[in-house]
Amino acid sequence: MGPAWERCGRERERETVSRLPVFAPTKADEQARVIADAVINRVSVYGNSTCPLETAVGFFKLCASQSCGKCTPCRIGLARLADGLESILRGEHVEGIVDQVIMVCDTLYKSADCAIGFQAGRVGLAFADLIKEDAESHLAKGVCTQPFTAVPCVKECPSHVDIPGYIACLRDGRAADAVRVIRNDNPFPSACAFVCEHPCEHTCRRGMIDAPVNIRGMKQHAVLTAGAVDVPEKASATGKKVAIIGGGPSGLTAAYYLALMGHDITVYEQNARLGGMMFYGIPRYRLPEENLQYDIDAILSLGIHVKLNAKVGEDVKWEDLVKGYDAIYIAIGAHHFRDLGIEYATRENTMSAASFLHRVADDMPDDLVGKHVVVVGGGNVAMDATRTAKRLGAASVRCIYRRRIEDMTALPEEVEAAIAEGCEMVELMSPVRIDKGTEHPIAFVGQPQMPSLYKWGRPAPVATESEEQIFECDVLIEAIGQIIDYHYFAEKGVEQDRGRFLSDEHGRANGFENVFVGGDCQTGPSTVIRAIAAGKAVAANIDAYLGYGHDVFDDVKIPQAVFDSKLACGRVNIQERPADERGADFDGVEIPLRDEEAAQECSRCLRCDYFGMGSLRGGRPDKW
């Protein structure tokens, strides 16, 4: 048998081999992962007019479920927060309960050991005012301060388009009716089918099962399938005259609805074409001209008067508009540019993205063949300029941004498309100055940055100790934002603050009874759908100011909802032409959904307008 010490050694060897098990997920681990994924999917589509207190209760309970229980603030504080808020929801009047909740949040933030606790406290403190306001409403009135909207996608759409309604019509083979439903709230169904950033998809409840419905793809399929669709009949003429200053998305939207209401509308546009930034700012490869004209033709079919090349302040006097019209809507957009705010040794071949894209739209593009181009900025306009420069034959195009790529405000798909087409993204590089180059006319000098503490939802860039970097180029395009040409209107008494017109919540300009403002000139540069939403709201408010309350809905019968099996099903995305092919021309880049793909996407809609709370309240408003 051998010496005892040898036997002990062999036994220790056997014990050593079995000291640690090879990790393998247990059944409980796998089930926990499934539940966690379901929670993530549910939270990702959260935010549809939900009670702030109920949201806070769910959040604090989730944090408590993650806590190890070691430190007192987490172990006791999180449970106390949830209990306190739930007592408010039950209507129990406990002396000082709201202040106690805020105090516990403060204690968590200052004394919890780990991120589970102190981050919960930070969130509670960040929304303390909202929680307090909502708690007081619950205790005093028994109701929530947040207005309820049953259908998440409709709530999230700035113009509140009846999305389930038009998808149901499209599924029923009624594409023309789908377009009519869209036009009830948005007179640009075709333009938005190509360029809308689709915020509606962010809260689509289908995301709880697999992925949001491809809502923009459905809109695009409806428009391309339906062809020309007549607009509704106009109301009887009111005899009231309204001047619209600006023929962009906001101005034309207001013109459309006001014309339907029976008012006499005249649009004053300073350019030779209508459409605003949709025509002069968005390249044709993203929004083909015929698809934009589809909407403009429908709007003008209502008999709207249009005066092109008519700039108010030069070709038209403000005093004449005030005398000749019952109401005025200023929707001039934001077409002027902001430079980099640094020292320029040369401005040769330096231009704004807005003017660069404007010339391309006017068929007078800059000659970029064989040239090296630098674009500065990280928004959608910067991506449009970057991709357009490549299509104009530039030898190289660099887009330089002072933050990380993931912090760009441009749509991620636009950034990815630019990279696929051969453009280079230079991140974390802040402009320092513009020098004269040695091999090329321009030398962009940048200071490398690094991401730091968060400000306004993104990590702020801070300079590193690295040496400055030089990027020589033939053409420099600045795309760091647009500003408003407000000076003439300010001279006429239209109030502004930092270049934005001031108004009340109904769009009425400060100090005026019959002058309204809206769109980018009131909010600052934004998106097409938000400009449309402003035009819709102002149209209703001008109609009310004129003494009316017209209902402009085109009455479309929405198909009955069908309860299908809601099994997980892959989302069909809009495809694009190959990058090497599309990057060489200005033809549309997108390949629309085929009929069978559109049919499947339609079937994925859960019809939140009919099932659940949508069938009880707020499911489908009959007017606005």
Side-chain angles (χ1 to χ4, degrees), residues 28-29 31-149 152 155-156 202-203 205 207-208 451-460 613:
D29 292 330
Q31 291 175 342
R33 183 69 260 172
V34 171
I35 294 173
D37 288 342
V39 171
I40 292 170
N41 288 342
R42 187 168 292 266
V43 171
S44 70
V45 299
Y46 209 59
N48 174 50
S49 303
T50 310
C51 169
L53 290 193
E54 289 182 342
T55 303
V57 169
F59 173 70
F60 291 131
K61 284 188 173 181
L62 177 61
C63 294
S65 72
Q66 298 173 306
S67 174
C68 68
K70 168 185 169 291
C71 66
T72 303
C74 255
R75 185 175 66 253
I76 297 177
L78 290 171
R80 204 170 266 183
L81 280 175
D83 291 344
L85 293 175
E86 284 187 320
S87 71
I88 295 172
L89 289 172
R90 291 192 297 268
E92 299 173 2
H93 292 262
V94 178
E95 186 69 26
I97 184 62
V98 177
D99 292 334
Q100 291 177 30
V101 167
I102 304 302
M103 182 186 69
V104 173
C105 287
D106 185 63
T107 302
L108 269 171
Y109 178 62
K110 293 177 178 177
S111 59
D113 285 349
C114 74
I116 293 173
F118 67 69
Q119 185 71 356
R122 189 196 68 80
V123 171
L125 291 175
F127 296 97
D129 290 341
L130 177 61
I131 291 174
K132 187 172 183 179
E133 179 185 357
D134 199 55
E136 291 172 351
S137 177
H138 275 280
L139 292 174
K141 305 174 185 177
V143 296
C144 182
T145 56
Q146 181 71 11
F148 179 84
T149 303
K155 164 66 163 54
E156 202 66 19
H202 298 165
T203 56
R205 288 190 183 130
M208 297 182 185
S452 183
L453 298 177
Y454 273 66
K455 292 182 180 179
W456 308 107
R458 296 184 295 174
M613 290 300 294

Nearest heavy-atom neighbours spanning Ala56 and Leu85: CB-CD1, 3.6 Å

Donor-acceptor pair, side chain of Thr203 and main chain of Pro152, under 3.5 angstrom: yes

Non-hydrogen side-chain atoms of Cys71 and Phe118 separated by less than 4.5 Å: no

Least distance between heavy atoms, Ser87 atom then Gly84 atom: OG-O, 2.6 Å

Heavy-atom closest pair, residues Gly207 and Asn41: O-CB, 3.3 Å

Beyond-backbone contact of Arg75 with Thr72, side-chain heavy atoms, under 4.5 angstrom: yes

Phe59 CZ: over 12 foreign heavy atoms closer than 6.0 Å: yes

Rounded distance (nearest 0.5 Å) linking atom CD1 of Ile97 with atom CD1 of Ile102: 10.5 Å

Spacing of Glu54 atom CD and Cys144 atom SG [to the nearest 0.5 Å]: 7.5 Å

Salt-bridge criterion met for Asp37 and Arg33 (N-O under 4.0 Å): yes

Side chain to side chain contact (heavy atoms under 4.5 Å, CB included) between Phe60 and Cys105, intermediate numbers included: CA-CA 10 Å; Phe60 291 131; Cys105 287; 4.1 Å; yes

Any donor-acceptor pair under 3.5 Å from Gln100 side chain to Glu95 backbone: yes

Close side-chain approach of Cys51 and His138, heavy atoms under 4.5 Å: yes

Contact summary for Cys63 and Ile116, nearest pair of heavy atoms: O-CG2, 3.4 Å

Side-chain heavy atoms of Val101 within contact of Arg80, under 4.5 Å: no

Atom of Pro73, atom of Ser111 and distance for their closest heavy-atom approach: CG-OG, 3.4 Å

Side chain to side chain contact (heavy atoms under 4.5 Å, CB included) between Lys132 and Asp99, intermediate numbers included: CA-CA 8 Å; Lys132 187 172 183 179; Asp99 292 334; 4.2 Å; yes

Within 6.0 Å of CZ in Arg42, more than 12 heavy atoms from elsewhere: no

Partner of Ile88 by side chain to side chain contact (heavy atoms under 4.5 Å, CB included), out of Val98, Ile131, Val57: Val98

Nearest non-hydrogen partners of Gly77 and Leu108, listed with the distance: C-CD1, 4.5 Å

From NZ (Lys61) to CG (Leu78), nearest 0.5 Å: 12.5 Å

N/O donor-acceptor pair under 3.5 Å between Asp134 side chain and Thr145 backbone: yes

